[in-house]
Amino acid sequence: MSLLSNLGIEVVEQGRHKVVLQMELTPEHLEMEKKKAGSINALLSETAASLGANMNVDQDDSAAITGVNVHNLNAFKLGTLVVEAISVRNGENIQTWQATTHFEKSAIPNGLSTVMLKKIQI
């Protein structure tokens, strides 16, 4: 089992410079969000950035999150939430990704996040 399958997160697009995930929000997700505001935005943003960042490092390395800045802009509701993460800077050791969450078929953002990751050896 994985985080993606446990929470019903679907990988729509995965590349070295862009990752798109989507998740159908259920009443259980909304209850989780009430208890820890911003947790869904953070979870989706970190996951999307990590998936993309790990495509930019060698097989013997991994991308570890060093910092996350999450801005929660609007309340959640039932529906399909989409996160689009793009690579802003792909340096030799540090990567910066920007992620935006919004509901499917809506241009109004629910969250904006910046995720910084560092290449580490595993």
Side-chain angles (χ1 to χ4, degrees):
M1 293 244 187
S2 73
L3 175 74
L4 296 174
S5 62
N6 285 346
L7 291 176
I9 300 170
E10 177 187 344
V11 178
V12 176
E13 179 181 341
Q14 182 176 355
R16 293 180 56 172
H17 303 289
K18 182 178 181 180
V19 175
V20 179
L21 307 176
Q22 68 181 23
M23 173 181 177
E24 187 69 31
L25 291 182
T26 65
E28 292 81 17
H29 293 126
L30 297 181
E31 190 62 36
M32 179 179 80
E33 185 67 17
K34 281 183 187 176
K35 292 177 183 175
K36 286 204 172 243
S39 58
I40 292 176
N41 273 333
L43 169 85
L44 288 173
S45 298
E46 291 173 8
T47 302
S50 292
L51 288 172
N54 277 296
M55 295 185 79
N56 292 309
V57 297
D58 295 332
Q59 189 174 12
D60 295 334
D61 296 327
S62 183
I65 295 173
T66 60
V68 180
N69 189 342
V70 179
H71 299 280
N72 299 302
L73 304 175
N74 288 300
F76 286 121
K77 58 186 177 188
L78 296 176
T80 302
L81 191 63
V82 177
V83 61
E84 297 181 31
I86 58 166
S87 174
V88 176
R89 171 89 168 104
N90 185 3
E92 186 155 329
N93 289 311
I94 300 288
Q95 295 184 51
T96 304
W97 286 71
Q98 185 173 26
T100 305
T101 56
H102 60 86
F103 279 94
E104 189 176 47
K105 300 178 183 173
S106 174
I108 299 169
N110 276 74
L112 178 63
S113 304
T114 303
V115 182
M116 293 189 66
L117 305 102
K118 179 178 176 39
K119 178 176 78 171
I120 60 169
Q121 288 187 325
I122 52 172

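For Q121, the CD atom sits in a loose shell: 12 or fewer heavy atoms of surrounding residues, nucleotides or ligands are nearer than 6.0 Å. The local environment of CG in D60 is sparse, with at most 12 non-hydrogen atoms from other residues, nucleotides or ligands closer than 6.0 Å.
One finds the CG atom of L21 at 9.5 Å from the OG atom of S45 (value rounded to the nearest 0.5 Å). Here CG of L51 is found 12.0 Å from CD of E13. Values are rounded to the nearest 0.5 Å. Note that OG1 of T66 is 14.5 Å distant from NZ of K119, once rounded to the nearest 0.5 Å. The OG1 atom of T100 lies 12.0 Å from the CG atom of L44; values are rounded to the nearest 0.5 Å. Atom NZ of K18 sits about 5.0 Å away from atom CD of E84, to the nearest 0.5 Å.
The shortest non-hydrogen separation linking N110 to A75 is ND2-O, 3.0 Å. Minimum heavy-atom separation, T26 to L78: C-CD2, 3.5 Å. Across every non-hydrogen atom of P109 and N74, the tightest pair is O-ND2, 2.7 Å. Considering every non-hydrogen atom in both N56 and Q95, the closest pair reads ND2-OE1, 3.2 Å. Here the closest non-hydrogen pair linking I65 and S50 is CD1-OG, 3.6 Å. The minimum heavy-atom distance between A49 and W97, with the atom names listed, is CB-CB, 3.7 Å.
For the pair I94/M116, a side-chain contact is recorded, criterion being any heavy-atom separation below 4.5 Å from C-beta on. Residues L43 and L7 form a side-chain contact, since some pair of their non-hydrogen atoms from C-beta on lies under 4.5 Å apart. For the pair M23 and V83, the minimum side-chain heavy-atom distance is 4.5 Å or more. In this structure, V57 and S62 have side chains that are not in contact, with every pair of non-hydrogen atoms separated by 4.5 Å or more. Inter-residue side-chain proximity for L25 and I40 is flagged as met; some heavy-atom pair is nearer than 4.5 Å. The shortest distance between side-chain heavy atoms of F76 and H29 does not fall below 4.5 Å. The closest side-chain heavy-atom distance from V19 to M55 is not below 4.5 Å.
Taking hydrophobic clusters as Ile, Leu, Val, Met, Phe, Trp and Tyr residues chained together by side-chain heavy-atom distances below 4.5 Å, L112 does not share a cluster with V68. Under the 4.5 Å side-chain heavy-atom criterion for ILVMFWY residues, a single connected hydrophobic cluster contains both V115 and V11. Residues V12 and F103 do not share a hydrophobic cluster, defined by chaining ILVMFWY side chains whose heavy atoms lie under 4.5 Å apart. The cluster map of Ile, Leu, Val, Met, Phe, Trp and Tyr, joined by side-chain heavy atoms under 4.5 Å apart, puts V70 and L30 in the same cluster.
A donor-acceptor contact under 3.5 angstrom links the side chains of T80 and E24, judged on distance only. Between N41 and T101, the side chains place a donor N or O and an acceptor N or O closer than 3.5 Å (distance only, hydrogens not considered).
Judged by distance alone, the side chain of N54 and the main-chain N or O of A63 form a donor-acceptor pair under 3.5 Å.
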